[in-house]
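Throughout, protein chains are lettered first and strands after them, A, B, ... in sequence-line order, and every chain is numbered starting at 1. It should be emphasised that the depicted structure is a prediction, and the values quoted were computed from it without experimental measurement.
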Amino acid sequence: MTSLSQKLSGIVGQAFEASELSADLGAVRVSDRPDLAQFQCNGAMAAAKVAKKNPREVAQVIVDVLSKNEIFSKIEIAGPGFINLNVTDEFLQEYLADIVQDNRFGIDAPDTAEEIIFDYGGPNIAKPMHVGHLRASIIGDTLRRIFSFVGYKTYGDIHLGDWGTHLGMLFSDYERDGKIDWILNLDLNNEADCDALFEDMSERYPKASAACKADETFMVEALRITKALQDKQDPYISVWEKVFQVSIAGMKKNFAALNVHFDLWQGEASVQDLIEPMVEKLRADDFTEMSNGATIIDVTHPDDKKEMPPLLLLKTDGAAMYGTTDLATIVDRVEKFDLARMVYVVDQRQALHFEQVFRAAYKAKLVPENVEMTHAGFGTMNGTDGKPFKTRAGGVMKLEDLITMGVEKAQMRLKEANLASDIDEVERGEIAKKVAIAAIKFADLQNQRTSNYVFDLDRLTSFEGKTGPYLLYQAVRIKSLLRKAGEFDESAPLIIQDADRALALMLTELPDALNLTMRTYAPHHLCEHVYKLSQAFSSFYGNCHILSEENEALRNSRLKLSQISVTQIELILSLLGIDVPERM
RNA sequence: GCGCCCUUAGCUCAACUGGAUAGAGCACCUGCCUUCUAAGCAGGGGGUUGCAGGUUCGAGUCCUGCAGGGCGCACCA
């Protein structure tokens, strides 16, 4: 991927090489001090440290080489040995004209279109989706969109929790209520009936779960049914089939509202048949051992400094554990795809578990060494009190309710601000939905992935400042501007003056933001970038009255800059899974 | 007991391989809508980066210790 800063890095790198220094030292980045320069290179200081020389002298040698290059309008040594650089407006203008050709803005495809599976979401069937599923879903979905756009072959796998004890709990409750037949006779083609069951399960599950916790005989019954289900006995396996179908249909609605997409609807159940042969093979290949009656895989490394518990493959009673299912899933994926990477977007608290699973998978050669497995963990969602988030009633907040609240608030805000008053009610409803989703998603995605974050309803449904709706607003404003401008000469050359320069420079930074995001699997970097870009536009917009510009060449140039801006903002928002309305 | 993570402005958060004057948003204060959408723009106040040492030309970032908080440590997932 060649961004402007990478292009400059190449040029400065050559200057370092000419002095028999490593080209890596020539790394150029956008300056921390825009008042001093557009770009900076810190390599002279690093070089001087190794060579025990004066950094400013090292920098001077580099600067002497660079000064022959006419793309720079300023080359300066500052402070202890920073090399500060500005490019000429002509160069900037040509560079921009070049990268907008294919609407990829300097983003090159990777050398090979590696296949990557992103594992995210992980909701349990028959349980209501709550706000906790928000992070996993949207971080994973965003990463999938980004890698896919850049040129990787990606798959989003929802990895359902569809084979566990929670189903035994639910089914036993239905059995006590004599409602098993109701489910068995359910017509999957009847949407109303399916919705009714979906609703019923959502409300029933918390009660069933609480009952099992409170009364041991209920729990014993739930476990019996779980075992029967896993042995594929009727009626439970037939009930499961219906519950599975209805749950998926319900989830699809939820995820559609959130604009989250999955390519694979695999779950724990879909790999159960792989477990037995896998365990047999692991035994035969001598990767397993017995410990206190359980079958385990030792995953310690000789140079481990910390304790590393073994992966528990089979319990004393011979039943598989979730790590076993995860290994079977890996086997399944390696079989079906030509994978280069697997990325698990799962709660940070699972870090040890994934380390054990990954170690076991490599050790037992279930996955080739060159397949990279990453746990991109995310922090817990806490309430404003710093403790794991609960509603006032003490329960979890349903994802659906959060979205509804957001939409209602957006509708109110539209009315208050007297926006979209000339738009009919149906479109206004659509706009409110987009505003709400933008608010919720951006508020979440702008947090660093790994740190815990505070769930604050007011913030999630806030529309001012660094928010999703702000970004929509900027994009929509540009769209409106371009509509009013009508036809203009898009091939006219860009003119970079003082008022245009900051925006023009921002428009070159997209590849850097994407690279950083992909390297760290951290979408908040991209959020930061799109916010800065939108701000740069807003500032430009405030400074220049474009439509009334009498100099036609300048008017064309500024319309073109506006057009590039909205294209980029909309592209980035689409990578964040956020839709931009035509007007708002 | 062992291990991992966190502590930055009143609040919520950024700060890429160690770089210059630690940045945003909210809240607060001052301007700006009879020219393109004020969900906006321009500007202001607000900081001993939990504490104490160390390494370095340079530390929010690396090392050591301490305090406070969160989480995880085989028969749940």
Side-chain angles (χ1 to χ4, degrees), chain A residues 24 27 29 31-33 35-36 40 42 45-46 48-49 54-55 78-82 84 122 124 161 163-166 268 291-296 305-317 319 321-323 325-326 347-353 356 377 379-380 382 384 386-388 413-414 416-417 419-420 435 443 446-448 450-454 456 458-459 462-467 469-474 476-485 512-513 515-516 519-520 522 524-525 527-528 531-532 535 538-539 541-549 562 583-584:
Chain A
D24 295 343
R29 63 186 209 199
S31 177
D32 293 332
R33 293 284 304 272
D35 54 320
L36 298 181
Q40 69 184 79
N42 301 344
M45 289 179 290
K49 188 167 196 164
N54 181 337
F82 296 100
N84 283 338
N124 290 330
W163 206 239
T165 316
H166 70 284
E268 295 164 337
S291 168
N292 299 326
T295 307
I296 61 162
K305 287 198 178 105
K306 60 184 177 188
E307 228 176 290
M308 182 51 63
L311 182 89
L312 189 59
L313 204 60
L314 299 178
K315 301 194 283 188
T316 310
D317 67 2
M321 295 284 293
Y322 74 131
T325 306
D326 284 344
D347 195 312
Q348 187 63 38
R349 286 175 292 189
Q350 304 273 348
L352 179 59
H353 168 72
Q356 292 173 299
T380 318
N382 292 329
T384 35
K387 294 185 180 141
R413 185 79 183 99
L414 276 176
E416 267 171 30
L419 287 162
V435 168
Q446 68 169 303
N447 291 292
Q448 194 177 42
T450 49
S451 54
N452 292 347
Y453 103 84
V454 173
D456 181 350
D458 287 340
R459 184 156 168 259
S462 152
F463 305 145
E464 279 155 38
K466 193 175 182 181
T467 64
Y470 170 91
L471 300 168
L472 297 188
Y473 177 75
Q474 297 307 340
V476 163
R477 219 158 52 152
I478 305 174
K479 287 186 179 200
S480 168
L481 170 71
L482 291 171
R483 267 196 304 270
K484 287 197 170 135
D512 296 321
N515 270 333
L516 184 57
R519 205 171 66 230
T520 53
H524 80 276
H525 288 121
C527 292
E528 186 71 25
Y531 179 67
K532 274 160 66 182
Q535 261 189 332
S538 198
S539 183
Y541 181 89
N543 276 331
C544 313
H545 198 274
I546 298 165
L547 291 184
S548 64
E549 177 55 55
S562 304
R583 41 191 192 159
M584 64 187 267

Identify whether any heavy atom of [X] sits under 4.0 Å from a base atom; if not, whether one sits that close to sugar-phosphate; answer base, sugar-phosphate or nothing.
| X | value |
| --- | --- |
| A:Thr325 | nothing |
| A:Gln356 | nothing |
| A:Tyr470 | sugar-phosphate |
| A:Asp32 | base |
| A:Gln348 | nothing |
| A:Thr316 | base |
| A:Lys532 | nothing |
| A:Asn543 | nothing |
| A:Ser538 | sugar-phosphate |
| A:Leu481 | base |
| A:Leu313 | nothing |
| A:Asn54 | nothing |
| A:Ser480 | base |
| A:Ile546 | base |

Taking ring pair (Phe, Tyr, Trp, His ring centres under 6.0 Å) as the definition, give me every residue that meets it alongside A:Tyr453, ordered by chain and number, with sequence neighbours left out.
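So A:Tyr453 forms no ring pair (Phe, Tyr, Trp, His ring centres under 6.0 Å) with any residue.
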
Can you tell me the base-pairing partner of [N]? Count Watson-Crick or G-U wobble geometry only, both distances below 3.5 Å, and say none if there is no partner.
| N | answer |
| --- | --- |
| B:G3 | B:C71 |
| B:G23 | B:C13 |
| B:G53 | B:C63 |
| B:G43 | B:C29 |

Quickly work out the [X] [atom1] to [N] [atom2] distance and round it to whole Å.
| X | N | atom1 | atom2 | result |
| --- | --- | --- | --- | --- |
| A:Asn42 | B:U61 | CG | C1' | 15 Å |
| A:Arg349 | B:C73 | CZ | C1' | 14 Å |
| A:Leu516 | B:A14 | CG | P | 14 Å |
| A:Arg459 | B:A24 | CZ | C1' | 11 Å |

Once the angle between the rings of A:Tyr322 and A:His353 is folded into 0 to 90°, is it parallel (under 30°), tilted (30 to 60°) or perpendicular (over 60°)?
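Aromatic pair A:Tyr322/A:His353 classed parallel.
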
What do you reckon, do A:His525 and the base of B:C16 stack, with centroid distance below 5.5 Å and planes below 30°?
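Base of B:C16: not stacked against A:His525.
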
Tell me whether A:Phe82 and B:G19 count as stacked here, given that the ring centres must be under 5.5 Å apart and the planes must differ by less than 30 degrees.
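Not stacked: fails the 5.5 Å / 30° test.
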
Can you tell me, in whole Å, how much space there is between the [atom1] of [N] and that of [M]?
| N | M | atom1 | result |
| --- | --- | --- | --- |
| B:U49 | B:C28 | C1' | 23 Å |
| B:U17 | B:C75 | P | 38 Å |
| B:G45 | B:G10 | P | 15 Å |
| B:A27 | B:G44 | C1' | 14 Å |

Test A:Ser538 against A:Arg477 for side-chain hydrogen bond (donor to acceptor under 3.5 Å, both in side chains), laying out the working first.
CA-CA 9 Å; A:Ser538 198; A:Arg477 219 158 52 152; 2.9 Å; yes

With rounding to the nearest 0.5 Å, note down the distance linking CZ in A:Arg33 to CD in A:Gln40.
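It comes to 10.0 Å.
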
In B:C33, glycosidic geometry as syn within 90° of 0 or anti otherwise
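Syn conformation here, the glycosidic angle of B:C33 being no more than 90° from 0.
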
Okay, side chain of A:Ser291, backbone of A:Ala294: is any donor-acceptor separation there less than 3.5 Å?
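Not confirmed, A:Ser291 side chain does not pair with A:Ala294 backbone.
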
